[in-house]
Amino acid sequence: MRYIRWVDMSIQDSAPDRSGRHSVLATARRAADLVNVLTAEADATVDAVAAVLRSYGEAEPVTLTPDDVRAMRTAAGLLREVFAAASPPAQNAESATGTVDGAALVLNRLLQEHTGPLRLTAHRGATPWHPHLDRDDDGPWDAWLLASSCMALAVLLWDHQRPPGRVCASPSCGQVFIAHGSGPERRYCSRRCATRERVAAHRRARSG
């Protein structure tokens with residue numbers, strides 16, 4: 001069905017709002033996690049990709065084939081360009097702000113070349129009404145990945161007027177992540193990467 005069901009938010013009422021089931025932020029985070037699993041390994045497995053989909057509430061059965069995963073890997077490579085455009089060049093890695101214009105240009109190109117017109121769907125009454133940019137509810141996985149991810153990333157960029165995500169600033173990592181949240185914009189995908197790079201910088205300063 002390719003629809004995010006209930007996503008556990010940090011704050012919930014006793015009667016959850018059905019609209020919260022299709023969180024833009026959750027969709028963007030799912031996009032980042034799929035980009036990572038599909039591009040981090042030369043041969044991402046069906047099980048690994050299905051595990052990410054299930055972790056975001058994809059309804060069973062999650063039916064993927066090796067051909068689906070290969071096509072999704074191509075889509076993930078295109079989406080990674082959004083995160084890369086939003087990241088400072090290596091020589092300016094200390095900067096916390098990427099280029100929102102670069103991310104917007106890549107998103108515009110992907111939206112023009114790989115998505116259909118905006119439409120509303122309720123998946124034949126199985127879900128609340130929500131927007132889609134893919135051309136068919138039962139279209140191929142790669143088309144769904146590109147369309148749903150582009151829409152979520154575009155909404156985040158529009159809403160916050162800054163890049164929706166970036167590539168981790170740690171040279172030894174390369175994971176992409178969604179940069180939105182409380183506090184200043186993040187440079188690293190995790191505390192582990194941030195700590196590793198701080199320790200490395202401290203050692204370089206002491207030895208220099």
Side-chain angles (χ1 to χ4, degrees), residues 1-39 44-83 104 106-160 164-165 176 178 180:
M1 187 179 296
R2 305 173 201 179
Y3 173 77
I4 296 179
R5 295 190 180 276
W6 174 251
V7 177
D8 186 16
M9 304 298 181
S10 58
I11 299 176
Q12 298 179 13
D13 297 328
S14 57
D17 180 358
R18 282 165 63 88
S19 64
R21 298 183 184 184
H22 210 75
S23 162
V24 168
L25 187 56
T27 303
R29 287 173 174 160
R30 181 189 62 189
D33 286 348
L34 285 170
V35 167
N36 287 333
V37 75
L38 285 160
T39 62
T45 66
V46 167
D47 288 345
V49 176
V52 175
L53 293 170
R54 290 190 180 99
S55 73
Y56 282 91
E58 181 62 35
E60 297 290 355
V62 178
T63 306
L64 286 170
T65 68
D67 285 343
D68 290 329
V69 171
R70 280 189 287 271
M72 290 175 77
R73 185 181 300 116
T74 299
L78 294 172
L79 289 169
R80 188 177 177 86
E81 295 177 21
V82 180
F83 296 90
V106 174
L107 277 168
N108 278 339
R109 174 171 54 82
L110 295 180
L111 287 165
Q112 181 177 10
E113 296 177 359
H114 298 283
T115 68
L118 183 66
R119 62 188 179 87
L120 291 169
T121 180
H123 295 282
R124 305 176 187 89
T127 71
W129 286 99
H130 59 280
H132 266 227
L133 281 173
D134 50 357
R135 292 175 172 84
D136 187 271
D137 286 355
D138 299 315
W141 282 100
D142 56 315
W144 164 83
L145 174 58
L146 267 173
S148 62
S149 301
C150 283
M151 182 163 59
L153 296 172
V155 170
L156 286 182
L157 188 152
W158 169 31
D159 193 33
H160 296 274
V176 305
I178 300 302
H180 293 280

**OP:** Determine, step by step, whether I178 and L25 satisfy the side-chain contact (heavy atoms from CB on, under 4.5 Å) criterion, reporting the C-alpha distance in whole Å, the side-chain angles of both residues, the deciding distance to 0.1 Å, and the verdict.
**Re:** CA-CA 8 Å; I178 300 302; L25 187 56; 3.8 Å; yes
Below 4.5 Å, heavy atoms only, C-beta onward: do [X] and [Y] meet side chain to side chain?
X	Y	result
L110	V106	yes
Y56	D33	yes
C150	H114	no

Show the nearest heavy-atom pair for residues [X] and [Y], with the distance to one decimal.
X	Y	value
P131	L118	CB-CD1, 3.8 Å
L133	P117	CD2-C, 4.0 Å
S148	R30	OG-NH2, 3.3 Å
T115	A147	CG2-CA, 3.9 Å
A28	A152	N-CB, 3.8 Å
G77	T39	N-CG2, 4.1 Å

Original post:
Between L120 and H132, does a side-chain contact (heavy atoms from CB on, under 4.5 Å) hold up when you go through it step by step?
Top reply: CA-CA 6 Å; L120 291 169; H132 266 227; over 6 Å; no
Original post:
So how far is it from R70 CZ to T65 OG1, rounded to the nearest 0.5 Å?
Top reply: 7.5 Å
**OP:** Please round to the nearest 0.5 Å and tell me the distance separating atom CG of L107 and atom CG of L78.
**Re:** 11.5 Å
**OP:** Mind jotting down which residue pairs meet the salt bridge (charged side-chain N to carboxylate O under 4.0 Å, His left out) criterion with at least one end in residues 120-131? Sequence neighbours excluded, please.
**Re:** R124-D138
Subject >> Under the salt bridge (charged side-chain N to carboxylate O under 4.0 Å, His left out) test, residues paired with R135 that sit two or more places apart >> reply: none
Original post:
Where do R119 and D134 land on the salt bridge (charged side-chain N to carboxylate O under 4.0 Å, His left out) test, with the steps shown first?
Top reply: CA-CA 8 Å; R119 62 188 179 87; D134 50 357; 3.1 Å; yes
Original post:
Does V176 offer a backbone N or O that forms a donor-acceptor pair with the side chain of N36 under 3.5 Å?
Top reply: yes
Original post:
Donor-acceptor pair, T127 side chain versus A122 backbone, under 3.5 Å?
Top reply: yes
**OP:** Sequence neighbours left out, what passes side chain to side chain contact (heavy atoms under 4.5 Å, CB included) with L64? Give chain and number order.
**Re:** V46, V49, A50, L53, V62, D68, M72, W141
Subject >> Worked check of side-chain contact (heavy atoms from CB on, under 4.5 Å) between V69 and L38 >> reply: CA-CA 8 Å; V69 171; L38 285 160; 4.0 Å; yes
**OP:** Using a cut-off of 6.0 Å, state whether more than 12 heavy atoms not belonging to E60 lie near its atom CD.
**Re:** yes
